[in-house]
Structures are given as structure tokens and as C-alpha cells.
Amino acid sequence: MDYGRDPIFPEGFLWGASSAAWQVEGGVAEGGRTPAIIDLNSKTKKPYADNSIAADHYHHWKEDVQLMAECGFTSYRFSLAWPRIIPASDGKVNPEGIQFYNDLIDELLAHNITPIVTLYHYDMPVWVDELGGWRDRRVIELFDHYVRVCFEAFGDRVKYWLSINEQNMQIVYGKWLGLDKGCADWEKDKWRINHIMNLCHAKAVIACHELVEGGKIGPVPGYVPIYPESCKPQDQIAAMNAEELTEKIWNDLYAFREYSGFVKQYWKLHDIDPDIRPGDMELIGQAKIDYFALNCYRSNVAKDCPKEESYLELALNKEGKKGQFVYPKFPGEYALAPNPYVETTDWDWEIDPVAMRYMLRYVWDHYRLPMMITENGLGAHEQVGPDGQVHDANRIAFLRDQIYQVGLAIEDGCEVIGYNPWSFTDLLSTGNGMAKRYGLVYINTTDEETLDLRRIPKDSFYWYSRLIRSNGRDWGRPATKETNRNEEKNA
């Protein structure tokens, strides 16, 4: 629908950006923190840097919050590092870890920035993994203990909580993220792991509502809208299959608190036992979520893939050179395919702002729950220019188009309460170190050397600041540090 005007954002809309502890903090052996499995995984991504230093937010948090305030943020989505809070198997709480996050939360609130806190963003402690990690049901009570410590320590000030970041992507891309460690048959074992993660999600939701007065909590699915390649009916079914097997199975469980008929048939067809035990579904049934937090970067296209086709494993573009992505095939289910109607990033990710509107309408139509955007952004190769600044016109164009579509979804009747793109500062990319930059703020470091870690707001920082301060009404020309200074001088 064309409304004939720019979209209008509601008063009180939460504007900010996002990060994750393991990708931004650094300080992995400081303040009582012990290793996480993602620390070890990051060391396998050579020639890229590991997460030992990352953006060094652990030592720059006060400066970073000051920059958020300068930009006009009203929210900041970040995660807590489990091994910084519960560093050992004795379950004792690390006071230094609690103090670090207390200081960060207090500083945010002092600048009228609402904290939105993710409980789990890939950083399972090594000591938990040594007990079996997600493969062992003992993790359910360990996770329950951890989240209750977080709610009791921070729940007096933090009211927006997120349970598990991109559980669906952890299962779909588990081999790449290292979740398949110790699994004899990943394609079957992943569904038992997934069920245990669902029980952990349920524990977090129940505990939040029990311990946090006025607290709200939701899941954080990674969402990739999937279009059929053509109007061929089989392509439409393939697109539906792809959505079910990469995201809808999870979203249905979160919203309806039961497994869908589709996934039950899938398990039966593939002789899969997810190991659902007495009392499990009753526990899940108590976990009524308050909203969906959604991570959306791109869209995909699916087409029919007859059973006679050969299986083809997905191959990610790891180097940021266009044309290296290999679209997978799942015979009898679906195959992914390129979309000739959209541009792509250097990593072959589709640049598709309309996917944002599509996703919000789809999720709203299916679940009728409030939504917030917790990740959305453009990864790019970047460096400081001769003038000492970072001119990222492509990111400004990306953000403008994406946010505009969020506004159109709101006009369409969707309840959207906030937009927090990825990411505030440059940080360690999951697979591409510091080479793939997403930030509104440049961090002066590279994969080869740490440098001085200086913070340099990019042009996108200043453009976004003007949009925030106008509550989504100033879509004007790209802003720079100099234009913002001139406007402030003439105000």
C-alpha cells in the first residue's frame, strides 16, 4: 500500500543499536571471566583476529555510552557474558562481572538510554561445555541458575530482556558455529539440542516474569524472508518448506508453546527422536513471551528441488569477494537460488529493504505480538580516509531504506517498538574478524594489529543521529561531522 507520505513513527519509539559481549568486549581473561566456547571457535577463523580484544568495550564502555548519548540513542541492545558472571562449575557469582554490567547499565540509564539485554549470545562457558553443553540436559538447570542471577542483579533497572540469540541459526548453521562437537550424527542430534535449548528459553521466560517486576522477555530469531523463485506452485511450496526449516518451526514454538505438525512430520519422516520427556511440554507451556526481537539482514529465494536432485551443501562467502556463495540444495525439500532483482554485499548477502516490511507483516499476521528490530545492518570493507573520517554513504543508503520499510510496516498496522541495528561500534564479525565492519562508529584496529582502538564516528553516525532526534522524520541529505557542527552552530 502506498500512503502518499513518509511513514510516522510512534512517540516513545526506541532508537539505538546493538552488540554482543563476545564480539565487542574483549578482556576475555580479565575481571574474573573464564573462557567461552566461542572464544575457542574465534581462534579457528585465521587470518582474522580472535575475540581477545575485539573493540575493547570492556575498557572503553564509558566512552562508548557517551557516544551513544551524543548520537541520541534511547535504547541499547547488548548481551551479558555467561562466563563473566558464572565463571566456574561451582556456580559462584563473580562480583567483578556483576559490577561491570551494573556500571554499564547505570551509565546507560544516566543518559536516558533504555537497556535491552540478551541473556545468551553464543558465549557458553567452557566449563559448561565440558559437562556436555547443549547436548546434556544438565545445562537446563545451569542456565536457570545463570538467568536467575542476572534477573536478581539487574532486574530492578532492566525491564526488556531477550532469551537466546538466533537459536534457529545455531541449529541451521551449527557445524559452522561449532555446536556439532561431540555429536555422532548432527542432522539427528541437532533436534535434541534444539529441544534442550527450548527448555532453557522457557526457564528464562518463566524466571523473568517471576523475578523482574514489570519485566518483559522474548526470543531473538534470525529471520531471512524467503520468496519463491517463480509463480510455479512447487516453488511456492519450496519457499514455505525453507521458511519452516530455517525459522517458522522456532517461532511457532515460541508463540504457541508447542511443536507444529510440520516439524513432527519431519521428525517422523527422518526417523528423528528429539527426546521430549515427561514434563517438558508443560514447562514450555508456561513460557508466554511478551514480544519478538528480530534480526534481519537479507532475504533468500527458494525453488523446487525434486528428490532426484543431488544434495549440495551451503558454502558461505568467507572472504568478502562477490560470487563465492554456494546456494544449497535439499532434495525433496527446497533449493536456494540467487535473486536477480536485488543487489548484494561483498559477502553475497542480498540488499533487500522490502524484506524488512515483509518480515514484520508476516510475523505480526502470524503471532500478533509486539516486535523490535535487534539486528539489521551492512557489513563492508572500510578504512579511515585522508581527512581522518569514515565516509560510508552505502551504509547510510542501506539504513535509510531499511528504516523506511520499518515505518511502512508500522503504517500497515504492525506493532513495532524499536529499531536497534547491528552494530553500534565496529566489532568482531562472527566469521570475518575486523575485516567486515558494521558499526556506526569505526574502531581503529585491524585483524593484523591492534592499533590505538580510537573511536571515529562515521558519516552514518551523524545521519542516524538526525533521524533519531526527529523521531524518524528527517530523511535528509547524508550528514557528516562537519555538517552536524554547522547546524548546531546555527541553531
Side-chain angles (χ1 to χ4, degrees), residues 20-23 34-42 44 51 79-89 91 118-150 162-207 217 219-222 245-247 249-251 253-254 257 259 263 266-267 270 272-277 279-281 283-284 287 295 430-431:
W22 79 269
Q23 291 170 277
T34 55
I37 55 173
I38 198 70
D39 301 355
L40 308 181
N41 184 264
S42 77
T44 69
N51 69 319
S79 74
L80 307 175
W82 187 352
R84 197 178 289 286
I85 291 175
I86 311 288
S89 59
T118 311
L119 290 159
Y120 183 80
H121 199 131
Y122 301 174
D123 45 9
M124 175 177 283
V126 166
W127 68 263
V128 176
D129 188 58
E130 289 172 345
L131 294 174
W134 295 121
R135 304 179 303 280
D136 192 306
R137 288 177 67 101
R138 285 179 292 180
V139 75
I140 299 166
E141 294 309 317
L142 296 174
F143 190 75
D144 186 54
H145 171 58
Y146 160 64
V147 301
R148 286 176 178 273
V149 167
C150 295
L162 312 176
S163 57
I164 297 175
N165 184 76
E166 295 192 352
Q167 179 183 333
N168 59 323
M169 295 302 180
Q170 292 185 66
I171 299 302
V172 173
Y173 299 110
K175 286 185 177 180
W176 186 63
L177 289 169
L179 267 73
D180 63 332
K181 175 187 172 185
C183 294
D185 184 344
W186 171 248
E187 292 307 315
K188 292 188 176 182
D189 292 347
K190 69 183 183 182
W191 294 106
R192 287 189 282 276
I193 289 172
N194 183 67
H195 180 62
I196 289 172
M197 293 176 82
N198 283 331
L199 294 168
C200 289
H201 157 81
K203 285 282 193 178
V205 173
I206 293 165
I217 188 168
V220 196
L245 291 167
T246 60
E247 50 216 13
I249 285 170
W250 290 267
N251 295 342
L253 186 282
Y254 297 137
R257 288 165 279 156
Y259 287 109
V263 73
Y266 181 87
W267 291 337
H270 295 278
I272 291 167
D273 175 15
D275 193 24
I276 300 172
R277 301 184 185 181
D280 285 358
M281 297 314 298
L283 178 69
I284 289 171
N295 297 348
T430 305

Between [Y] and [X], is the closest basic N to carboxylate O distance under 4.0 Å?
X	Y	value
Asp129	Lys181	yes
Glu187	Lys190	yes
Asp185	Arg192	no

Is it true that [Y] and [X] share a donor-acceptor pair across their side chains at a distance under 3.5 Å?
X	Y	result
His195	Asp275	no
Gln23	Tyr122	no
Tyr120	Gln167	no

Would you say the side-chain atoms of [X] pair up with the backbone N or O of [Y], donor to acceptor, closer than 3.5 Å?
X	Y	answer
Thr34	Pro87	yes
Asp280	Arg277	yes
Asn168	Thr246	yes

Quiz item: Where do Leu119 and Cys150 land on the side chain to side chain contact (heavy atoms under 4.5 Å, CB included) test, with the steps shown first?
Solution: CA-CA 8 Å; Leu119 290 159; Cys150 295; 3.9 Å; yes

Is the shortest side-chain heavy-atom distance between [X] and [Y] below 4.5 Å?
X	Y	result
Trp267	Pro274	yes
Asn194	Gln170	no
Leu131	Leu142	yes
Asp189	Arg135	no

Mind listing the closest non-hydrogen atom pair of [X] and [Y] along with its distance?
X	Y	answer
Ala207	Val147	CB-CG2, 4.3 Å
Trp22	His121	CD1-O, 3.1 Å
Ala202	Ile284	CB-CA, 4.0 Å
Glu166	Pro221	CG-C, 4.2 Å

Self-check item: Trp82: ring-ring contact (aromatic ring centres under 6.0 Å, His included) partners, not counting sequence neighbours
Solution: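 Trp82 satisfies ring-ring contact (aromatic ring centres under 6.0 Å, His included) with Phe143, Tyr146 only.
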
Exercise. Would you please test Ile249 and Leu253 for side chain to side chain contact (heavy atoms under 4.5 Å, CB included) and show each step?
Key: CA-CA 6 Å; Ile249 285 170; Leu253 186 282; 6.0 Å; no

Quiz item: Which distance, rounded to the nearest 0.5 Å, do you find between the CG of Leu199 and the CZ of Arg137?
Solution: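 Atom-to-atom, Leu199:CG and Arg137:CZ are 5.5 Å apart.
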
Exercise. Kindly write out the residues that satisfy side chain to side chain donor-acceptor pair (under 3.5 Å) with Asp123, not counting sequence neighbours, or none if the list is empty.
Key: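 So Asp123 forms no side chain to side chain donor-acceptor pair (under 3.5 Å) with any residue.
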
